[in-house]
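Right, one structure below, let's go through it.
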Amino acid sequence: MATWTSEELSRIEAADELEIAPRRRDGTLRKPVPIWVVRTGDDLFVRSYKGYDGAWFRAALASHEGHIRAGGVEKDVTFTEEADPDVNERIEAAYRAKYHRYGPTYVDPMVAAQARATTLKLLPR
């Protein structure tokens, strides 16, 4: 299984947004959309601001594959669901720390139960 390099992790972590393009059922990539990304340890995570109503999230869940771009890093990735409560608490702390400057209007939905249920780990391929 491929892993992120230290440089990739640092560059993606430093990026304000990540462009995510889930793969469609026919194998083509959807149009990339900008989303927030956080790092905990050697792992990268994303969540859907709109919960299950997010179109990119539904596509990612259906295919479990896609492409990301952030901080000058471009990678094909596998999406895996993350439901571990301890990991999700660390992810929420990372969202609060990284994006606090945007205020509770934007951060609170990313740490709410609706978004927590959409937590995806990004694994490089």
Side-chain angles (χ1 to χ4, degrees):
M1 177 186 292
T3 58
W4 296 105
T5 67
S6 294
E7 181 180 351
E8 289 170 333
L9 287 166
S10 294
R11 291 173 74 179
I12 293 170
E13 177 183 29
D16 204 40
E17 292 181 324
L18 173 139
E19 289 185 359
I20 192 165
R23 198 163 298 284
R24 295 182 181 102
R25 293 184 194 269
D26 68 4
T28 61
L29 292 173
R30 292 176 50 92
K31 181 180 174 185
V33 295
I35 62 170
W36 286 356
V37 60
V38 295
R39 174 184 177 182
T40 64
D42 291 336
D43 297 316
L44 298 169
F45 298 92
V46 295
R47 288 180 170 176
S48 173
Y49 182 84
K50 295 181 178 180
Y52 279 89
D53 291 335
W56 75 263
F57 174 76
R58 290 191 314 272
L61 205 54
S63 70
H64 295 282
E65 294 182 0
H67 188 82
I68 59 104
R69 180 174 46 221
V73 176
E74 288 200 42
K75 282 279 190 188
D76 286 329
V77 294
T78 299
F79 306 116
T80 62
E81 296 175 73
E82 181 58 65
D84 182 292
D86 293 332
V87 173
N88 270 289
E89 285 181 26
R90 289 193 300 274
I91 292 166
E92 286 160 15
Y95 270 107
R96 286 186 182 101
K98 183 174 181 178
Y99 295 108
H100 67 90
R101 70 186 178 280
Y102 292 102
T105 300
Y106 295 100
V107 176
D108 287 355
M110 295 304 295
V111 298
Q114 180 180 355
R116 179 183 264 218
T118 66
T119 305
L120 296 176
K121 183 176 181 178
L122 305 177
L123 300 169
R125 294 190 302 134

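On a predicted model such as this, the values are computed, not experimentally measured, just so you know. The analysis underlying the following values was restricted to heavy atoms, covering all of them including side chains, and did not include hydrogens, waters or symmetry mates.
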Quick one, Phe45 with Leu120, criterion side chain to side chain contact (heavy atoms under 4.5 Å, CB included). Give me CA distance, side-chain angles, the key distance, then yes/no. CA-CA 6 Å; Phe45 298 92; Leu120 296 176; over 6 Å; no

How far apart are the C-alpha atoms of Val38 and Met110, what are their side-chain angles, what is the distance that settles it, and do they pass the side chain to side chain contact (heavy atoms under 4.5 Å, CB included) test?
CA-CA 11 Å; Val38 295; Met110 295 304 295; over 6 Å; no

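For Pro109 against Ala115, the heavy-atom pair with the smallest separation is O-CB, 3.1 Å. Across every non-hydrogen atom of Ala60 and Pro22, the tightest pair is N-CB, 3.6 Å. Nearest heavy-atom pair across Asp84 and Val87 is OD1-N, 3.0 Å. Of all heavy-atom pairs between Arg30 and Ala55, the closest is NH2-CB, 3.6 Å.
Side-chain atoms of Arg24 come within 3.5 Å of backbone N or O of Leu29 as a donor-acceptor pair. Side-chain N or O atoms of Asn88 include one that pairs as donor or acceptor with a backbone N or O of Glu82 at under 3.5 Å. In terms of modelled atom types and a separation under 3.5 Å, the side chain of Thr118 and the main chain of Ser48 share a donor-acceptor contact. A donor-acceptor pair is defined here as one N or O able to donate and one able to accept, closer than 3.5 Å; no such pair exists between the side chain of Ser10 and the backbone of Glu7. Side-chain atoms of Gln114 come within 3.5 Å of backbone N or O of Lys50 as a donor-acceptor pair. Arg125 places no side-chain N or O within donor-acceptor distance of the main-chain N or O of Lys75, the cut-off being under 3.5 Å. Judged by distance alone, with hydrogens and angles left aside, the side-chain atoms of Arg23 form no donor-acceptor pair with the main-chain N or O of Arg25 at under 3.5 Å. Between the Glu17 side chain and the Glu19 main chain, no donor and acceptor come within less than 3.5 Å of each other. Of the possible donor and acceptor atoms, none in the side chain of Trp36 sits under 3.5 Å from a partner among the backbone N and O of Val107.
No continuous path of ILVMFWY side-chain contacts below 4.5 Å connects Leu61 to Leu123, so the two sit in separate hydrophobic clusters.
Ile68 has its side chain within reach of Ile12: a pair of non-hydrogen atoms, C-beta onward, lies under 4.5 Å apart. Glu8 has its side chain out of reach of Pro124: every pair of non-hydrogen atoms, C-beta onward, lies at least 4.5 Å apart. Between Phe57 and Ile35 there is no side-chain heavy-atom pair separated by less than 4.5 Å. Residues Leu18 and Leu44 are not in side-chain contact: their nearest non-hydrogen atoms beyond the backbone lie 4.5 Å or more apart. Within the 4.5 Å cutoff, no side-chain heavy atoms of Thr3 are placed close to those of Asp42.
From Asp16, atom CG reaches atom NZ of Lys98 across 6.5 Å, with rounding to the nearest 0.5 Å. Atom OH of residue Tyr52 and atom CZ of residue Arg58 lie 12.0 Å apart, to the nearest 0.5 angstrom. Atom OG1 in Thr119 sits 9.5 Å away from atom CD in Glu81 (nearest 0.5 Å). Arg116 CZ to Tyr95 OH: the interatomic distance, rounded to the nearest 0.5 Å, is 12.0 Å. Considering CD1 of Ile20 and NE2 of His67, their distance stands at 11.0 Å, rounded to 0.5 Å. Between Asp43 atom CG and Trp4 atom CH2 the span is 10.0 Å, to the nearest 0.5 Å.
Taking the six-membered ring where tryptophan is involved, the planes of Tyr102 and Tyr99 are tilted, since the angle between them lies from 30° to 60°.
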